[in-house]
Amino acid sequence: MHTLTLVVSLITLLTLVFRLLYRPKKSDIELSNEWPGPYLLPYIGRIHDLPINYMWLKFKEWSDMYGPAYKTKMLGATFIIVSDEKIAEELLVRRGKIYSDRPEIRSLFDPKSTHGSMEYLPLMGKNKYWSRQRRFTHSYLTEATNNQYYGVMYFEVKRFLYNLVKEPDNFAFWLEDMASKIMCTLTWDDHSFSAEYTQSAWGLLTQMSPAGPITNLITPLWDLPMCINLWKRAERKRHDIQQAMWMKRLLDTREKVAKGEARASFTKTYLKTEKSTNLSGDHEASSVIGMMALVGIFTVAGPLYYFLLAMVFHPEWHEKVQKEVDEQCGGKLPTLDDYAKLPILRACILETLRWRPNVPTGVAHEVEADDFYEGRFIAKGTRILPLDWAFMRNPEKYPDPDNYRPERYLEPSWPTYREPLTVYPTIKGLSSFGYGQRQCLGQSLTQDELLVACGALCWAFTMKKKTHPVTGKPIDIDTKKSNSLLIVKPDPFQMAFEPRSAEKRARIIEQWEAAEKKDLEARAAFLAKARMRKFDTVTLAAEAEGPRAGNETKISL
């Protein structure tokens with residue numbers, strides 16, 4: 001009996017070791033009609049050797065080993081990692097009816113709005129809140145695009161150039177603050193809290209990213225009781241501060257509207273038409289409007305950082321853009337009306353987003369019903385991850401993929417060349433903006449802001465490496481170092497912004513001072529007119545009612 005027990009135990013042990021060590025060959029998997037992929041440990045899958053930092057590089061490595069679509073698991077969640085754009089289009093676009101849900105992000109409260117939180121449009125499940133907020137956002141951004149953002153971009157870009165002249169070493173703050181001021185002005189006509197709002201944007205992005213709180217990876221930790229759950233308590237504080245900020249901006253604008261003192265903004269437009277919308281009330285309205293402003297910050301900031309790096313490391317393209325802007329814009333700052341005349345600038349912007357994708361891992365979709373792809377089963381609840389880093393490194397579509405080559409959009413010999421050059425290259429439709437029903441609604445805003453900002457930078461400055469004050473040598477920059485959030489930006493670096501001439505420097509200062517003076521005068525005139533209109537209305541109402549005891553003195557005051 002003792003011998004039999006020993007034999008059974010030995011067989012069991014050998015079986016476990018075999019399962020842990022044996023990795024089936026790709027050909028064996030294909031013959032069995034199973035998804036290829038790395039060997040998975042029970043429940044935890046591959047969480048043990050998936051790096052938190054630069055996770056997309058590991059996913060790409062597995063793609064090279066297992067093919068353009070493979071399966072992996074992490075803590076019970078099943079993922080299909082897609083590294084071929086054609087497969088992504090088939091699943092996420094053509095089959096979008098059942099491939100457009102979002103997975104649950106554990107470190108946020110009700111991000112899918114399963115229980116009616118209605119707070120984070122890009123993360124919502126495919127439900128009624130998502131549908132109506134998506135329509136709402138699309139209509140507002142379309143109106144802003146058609147009106148060239150009411151001149152807000154031009155105004156803030158002039159401020160940005162002025163700040164770079166005065167404090168070039170603080171360029172990272174000015175860059176993000178410009179993006180924040182544009183969105184805060186468009187949304188509430190108030191940019192006084194732009195720095196605070198930038199921090200709020202990055203705070204949410206951190207919370208929703210795999211490289212954020214550990215509860216996004218070791219998900220059971222999120223279910224610990226609140227009294228010992230440091231992560232949940234921190235998120236409750238962050239969440240409540242952000243929600244209070246959104247609500248305050250809505251209520252402040254409503255008060256201005258009531259007084260007739262509110263200038264144009266997304267919030268004013270909503271308040272003037274709120275009875276005709278299908279939003280449920282102030283909480284939902286403040287959330288969807290707040291998210292519009294928030295997303296517009298980091299979707300522009302990351303690409304703009306990398307455009308700076310591209311110009312520093314590729315001075316030949318920096319000079320080509322400068323020459324194009326000088327010749328085509330008549331010595332003035334580029335505007336959206338110059339779009340068709342600036343193909344080199346647009347090529348450099350597009351290549352920046354390819355060279356350093358804004359969302360290298362892509363954003364996961366969740367499958368709503370069982371399905372098959374080429375005979376392989378995809379279970380309901382599987383997460384499809386379109387790996388944008390792999391898409392942008394496809395050597396067939398992008399020859400010499402690791403190098404910055406804007407000519408790939410300008411010369412007919414390249415696979416990505418398209419005509420006419422008055423329209424192409426364009427970043428619209430780029431895989432970085434997502435697929436199908438989940439495509440980013442802010443593509444036009446991102447493209448337009450990058451065109452204006454990048455064109456202005458090249459018009460104003462020569463951008464180069466900064467010289468070390470002691471050694472006199474250029475301070476190097478590692479372009480491969482970045483955060484590892486869902487939307488990336490490079491690690492802090494130093495660089496120099498040199499005005500292209502003394503005349504250009506003077507003009508940068510003069511343009512901003514004139515723009516600021518004009519803006520202050522316009523705001524004062526609007527407020528004075530609004531108050532005069534209110535005074536006239538009160539006076540007419542009082543006259544219509546006739547004199548009352550003690551009322552004459554109030555009217556005269």
Side-chain angles (χ1 to χ4, degrees), residues 88 92-93 96 99-142 144 179-180 183 186-187 197-198 200-212 216 235 238-239 242-243 246 266 279 283-303 357-366 368 383-386 388 427-446 485-489:
L92 306 182
V93 180
Y99 280 82
S100 297
D101 201 5
R102 286 286 194 225
E104 186 85 11
I105 295 176
R106 294 292 286 159
S107 299
L108 293 171
F109 295 109
D110 192 28
K112 291 184 67 172
S113 198
T114 304
H115 307 291
S117 63
M118 304 177 289
E119 292 170 354
Y120 308 120
L121 173 59
L123 309 178
M124 278 185 191
K126 193 180 171 186
N127 52 42
K128 62 181 181 180
Y129 313 114
W130 169 75
S131 297
R132 69 194 185 200
Q133 288 191 23
R134 186 172 175 84
R135 288 193 298 271
F136 179 93
T137 300
H138 180 263
S139 66
Y140 278 55
L141 291 178
T142 299
S180 184
M183 295 312 302
L186 288 173
T187 307
Y197 205 62
T198 301
S200 181
W202 290 112
L204 176 59
L205 182 64
T206 299
Q207 197 68 19
M208 60 190 268
S209 299
N216 278 336
E235 170 54 12
R238 186 211 64 79
H239 167 276
Q242 188 171 76
Q243 287 296 323
W246 287 346
F266 293 156
L279 300 184
H283 176 76
E284 183 176 10
S286 65
S287 296
V288 63
I289 292 169
M291 277 301 296
M292 265 197 289
L294 187 144
V295 172
I297 297 174
F298 40 65
T299 54
V300 169
N358 205 26
V359 192
T361 57
V363 182
H365 293 224
E366 189 167 278
E368 298 178 77
R383 301 174 182 189
I384 309 298
L385 195 66
D388 207 45
I427 68 173
K428 290 182 181 179
L430 197 65
S431 58
S432 300
F433 290 111
Y435 287 89
Q437 298 176 26
R438 288 292 181 168
Q439 258 197 339
C440 174
L441 297 173
Q443 293 182 55
S444 292
L445 185 148
T446 301
L485 301 180
L486 187 65
I487 300 175
V488 301
K489 65 176 180 178

Participant: Decide yes or no for Trp246 and Ile289: does some side-chain heavy atom of the first lie under 4.5 Å from some side-chain heavy atom of the second?
Facilitator: no
Participant: Checking the side chain of Asp388 only, and the main-chain atoms of Leu430 only, is there a donor and an acceptor separated by less than 3.5 Å?
Facilitator: no
Participant: At their closest point, which heavy atom of Ala201 faces which heavy atom of Ile297, and how far apart are they?
Facilitator: CB-CD1, 4.0 Å
Participant: Would you say Leu441 and Met292 make side-chain contact, with heavy atoms under 4.5 Å?
Facilitator: no
Participant: Would you mind reporting whether Gln242 and Glu119 have side-chain heavy atoms less than 4.5 Å apart?
Facilitator: no
Participant: How many angstroms lie between atom OG1 of Thr114 and atom OH of Tyr129, to the nearest 0.5 angstrom?
Facilitator: 9.5 Å
Participant: Would a 4.5 Å heavy-atom cut-off, applied to side chains only, mark Gln437 and Trp130 as touching?
Facilitator: yes
Participant: Could you go step by step and tell me if Leu108 and Arg238 meet the side chain to side chain contact (heavy atoms under 4.5 Å, CB included) rule?
Facilitator: CA-CA 10 Å; Leu108 293 171; Arg238 186 211 64 79; 3.9 Å; yes
Participant: Looking at Ala293 and Thr187, what are the two nearest heavy atoms and their distance?
Facilitator: CB-OG1, 3.4 Å
Participant: Between Leu486 and Val359, which heavy-atom pair has the shortest distance, and what is it?
Facilitator: O-CG1, 3.3 Å
Participant: Please round to the nearest 0.5 Å and tell me the distance separating atom CG of Leu204 and atom CG of Leu123.
Facilitator: 7.0 Å
Participant: Short question: side chain of Gln207, backbone of Ser107 - any donor-acceptor pair under 3.5 Å?
Facilitator: yes
Participant: Taking all non-hydrogen atoms of both residues, which atom of Arg102 and which atom of Pro122 are closest, and how far apart?
Facilitator: NE-O, 3.0 Å
Participant: If you take all heavy atoms of Tyr99 and His365, which pair is closest and at what distance?
Facilitator: O-ND1, 2.7 Å
Participant: For a quick check under 3.5 Å, do Asn358 and Ser432 share a side-chain donor-acceptor pair by atom type?
Facilitator: no
Participant: Can you tell me how far the CD1 atom of Ile487 sits from the CG atom of Leu205, to the nearest 0.5 Å?
Facilitator: 5.0 Å
Participant: Within the 4.5 Å heavy-atom criterion, are Thr198 and Met183 side-chain neighbours or not?
Facilitator: no
Participant: Begin with the C-alpha distance, continue with both residues' side-chain angles, and end with the deciding distance and a verdict on side chain to side chain contact (heavy atoms under 4.5 Å, CB included) for Ile427 and Gln443.
Facilitator: CA-CA 8 Å; Ile427 68 173; Gln443 293 182 55; over 6 Å; no
Participant: What's the spacing between Leu279 CG and Arg135 CZ if we round to 0.5 Å?
Facilitator: 10.0 Å
Participant: Could you walk me through whether Tyr120 and Ile105 pass the side chain to side chain contact (heavy atoms under 4.5 Å, CB included) test, one step at a time?
Facilitator: CA-CA 11 Å; Tyr120 308 120; Ile105 295 176; over 6 Å; no
Participant: In terms of the angle between their ring planes, are Phe298 and Trp202 parallel, tilted or perpendicular, with boundaries placed at 30° and 60°?
Facilitator: tilted
Participant: Could you give the distance from CE (Met118) to CE (Met124), rounded to the nearest 0.5 Å?
Facilitator: 7.5 Å
Participant: Looking at every heavy atom in both Arg134 and Gly436, which two are closest together, and how far apart are they?
Facilitator: NH2-O, 4.3 Å
Participant: Can you spot which of Glu368, Glu366, Glu104 makes a salt bridge (Lys or Arg N to Asp or Glu O under 4.0 Å) with Arg383?
Facilitator: Glu366
Participant: Hey, could you give me the CG/CG distance between Leu92 and Leu385, rounded to the nearest 0.5 Å?
Facilitator: 9.5 Å
